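Both counts, for ligands and for their atoms, begin at 1 and track the order of listing. What you see is a predicted model, and the numbers here were worked out from it, not measured in a lab. Values below: every heavy atom of this structure, side chains too, minus hydrogens, waters and symmetry copies.
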Amino acid sequence: MVLDQPHQPLQLRDVEKPRPSRGQLLVRIAACAVCRTDLHVVDGELPDPKLPLIPGHQIVGYVEEIGEEVDSKFKVGDRVGVPWLGWTDGECAYCRSHRENLCDRARFTGYTIDGGYAEFTVADARFCFHLPDRYNDVEVAPLLCAGLIGYRSYRKTGDAQKLGIYGFGNAGHLIAQIALFEGRDLFVFTRPGDHATQQDARKLGAIWAGGSDQMPPEKLDAAIIFASVGPLVPAALRALAKGGIVVCGGIHMSDIPSFPYDELWEERVLTSVANLTRRDGEEFFEIAPRVPVKTDAQTFPLEQANTALDQFRSGKLKDTAVLVMDVN
Ligand SMILES: [Zn+2]
Ligand SMILES: [Zn+2]
């Protein structure tokens with residue numbers, strides 16, 4: 001499925017099977033989960049996508065062919081995960097200081113390079129992951145972005161005991177499970193009036209769940225914002241104890257309204273998370289099966305990618321959409 005221009009539906013098109021070049025794997029795709037970032041790309045909210053573009057960056061597939069100079073980490077037939085971070089130069093100041101997520105020349109799967117809404121893709125082997133056996137292809141796909149970037153956001157909260165999560169979609173739901181596993185007290189904020197999601201959060205183990213217009217019963221040590229809603233930033237800062245941190249976990253957010261300095265003062269910290277490093281992925285896939293982190297997926301055939309995106313956009317999806325490819 002190909003995006004010719006933002007704001008247009010994806011087009012079903014026969015795409016030639018790509019050839020793996022040096023360092024790449026040819027991957028036969030089994031499943032690709034749909035991320036909110038895919039919506040941001042299709043809706044023109046992220047600048048300068050590759051066009052035409054095959055979206056999708058939570059790819060689960062099987063190695064069909066190996067290009068020259070691929071290290072021995074993978075062999076033909078192996079299951080691999082292909083994440084958002086698709087390539088870095090390895091030599092800029094960021095790469096050399098273990099911050100490849102900030103690489104000046106990074107390329108991103110399903111954004112600046114073709115992604116997984118397709119039957120085949122090629123991927124730089126160095127950025128692919130082995131995936132835990134505990135999960136089948138559909139179950140593990142939503143972990144590849146929401147899990148990895150969510151995990152990076154979570155790690156930025158340090159050892160915060162009282163943790164707030166604003167936005168309880170895919171990433172929020174996954175990270176909540178790890179936070180509870182690690183003994184954190186969880187406070188979940190949803191759209192005001194979304195009692196069903198609040199109930200889900202309490203059922204999972206949240207101490208408190210309420211609307212994002214409410215204050216939690218106790219001050220928080222940290223809050224992660226997964227919703228792309230700028231006004232949540234001052235709201236989350238107001239919910240923090242002294243020295244607390246607010247982490248913005250999304251790639252896109254509406255404008256943040258101004259707020260008095262008092263709400264940041266007393267060493268409160270406001271930060272964002274960009275992309276992921278391979279180390280985030282390795283750590284996440286080590287802890288996820290131990291929790292075990294569970295995902296709820298709703299599958300769509302690849303050809304129905306537009307339907308999946310439309311339902312996601314209008315909030316009609318209860319579970320994470322996962323596109324599944326015809327395996328014939
Ligand atoms: Zn770099
Ligand atoms: Zn994503």
Side-chain angles (χ1 to χ4, degrees), residues 1 3 10 23 29 31-43 45-47 49-50 53-60 81-117 121 123-124 126-129 131 138 140-154 167-175 224-228 247-253 272-281 284-285 288 293 295 297 305 308-309 312-313 317 319-323:
M1 300 292 287
L3 178 73
L10 307 183
I29 301 173
C32 183
V34 177
C35 173
R36 184 166 292 281
T37 300
D38 302 343
L39 274 188
H40 293 320
V41 171
V42 172
D43 294 346
E45 287 166 330
L46 295 183
K50 167 193 179 287
L53 172 74
I54 300 173
H57 57 271
Q58 305 188 84
I59 305 172
V60 180
V82 185
W84 170 249
L85 186 69
W87 184 88
T88 59
D89 60 16
E91 59 192 24
C92 72
Y94 300 106
C95 284
R96 282 188 283 111
S97 54
H98 307 289
R99 293 179 295 166
E100 62 184 2
N101 60 308
L102 300 177
C103 176
D104 282 330
R105 296 169 64 211
R107 295 178 199 154
F108 302 108
T109 312
Y111 178 35
T112 54
I113 48 180
D114 280 330
Y117 289 18
T121 193
D124 188 317
R126 296 169 302 164
F127 293 88
C128 296
F129 295 108
L131 300 170
V138 168
V140 78
L143 300 180
L144 269 155
C145 179
L148 269 50
I149 295 177
Y151 183 76
R152 185 171 179 83
S153 308
Y154 173 63
F168 204 58
N170 191 17
H173 191 251
L174 299 181
I175 291 319
I224 306 173
I225 302 177
F226 287 121
S228 51
V247 181
C248 301
I251 189 171
H252 169 82
M253 196 181 243
S272 67
V273 154
N275 315 317
L276 70 143
T277 64
R278 283 170 277 184
R279 189 167 159 201
D280 298 322
F284 176 76
F285 284 124
V293 173
T295 59
L309 288 170
F312 193 0
R313 190 185 289 107
L317 279 179
D319 300 325
T320 304
V322 177
L323 305 178

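A donor and an acceptor atom, one from each side chain of Asn170 and Thr320, are located under 3.5 Å apart.
Within His57, NE2 is the N, O or S atom that lies nearest to the Zn ion (ligand 2). When distances from the Zn ion (ligand 1) to the N, O or S atoms of Asp89 are compared, OD1 comes out shortest.
One finds an angle of 130° at the Zn ion (ligand 2) between SG on Cys35 and SG on Cys145, to the nearest 10 degrees.
The aromatic rings of His40 and His252 lie tilted to each other, with the angle between the two planes from 30° to 60°.
Remark: Leu85 CG to Arg107 CZ distance equals 11.5 Å, nearest 0.5 Å.
Taking backbone and side-chain atoms together, Asp104 has no N/O/S atom less than 2.8 Å away from the Zn ion (ligand 1).
With salt bridges taken as basic N to acidic carboxylate O contacts below 4.0 Å, one links Arg278 and Glu100.
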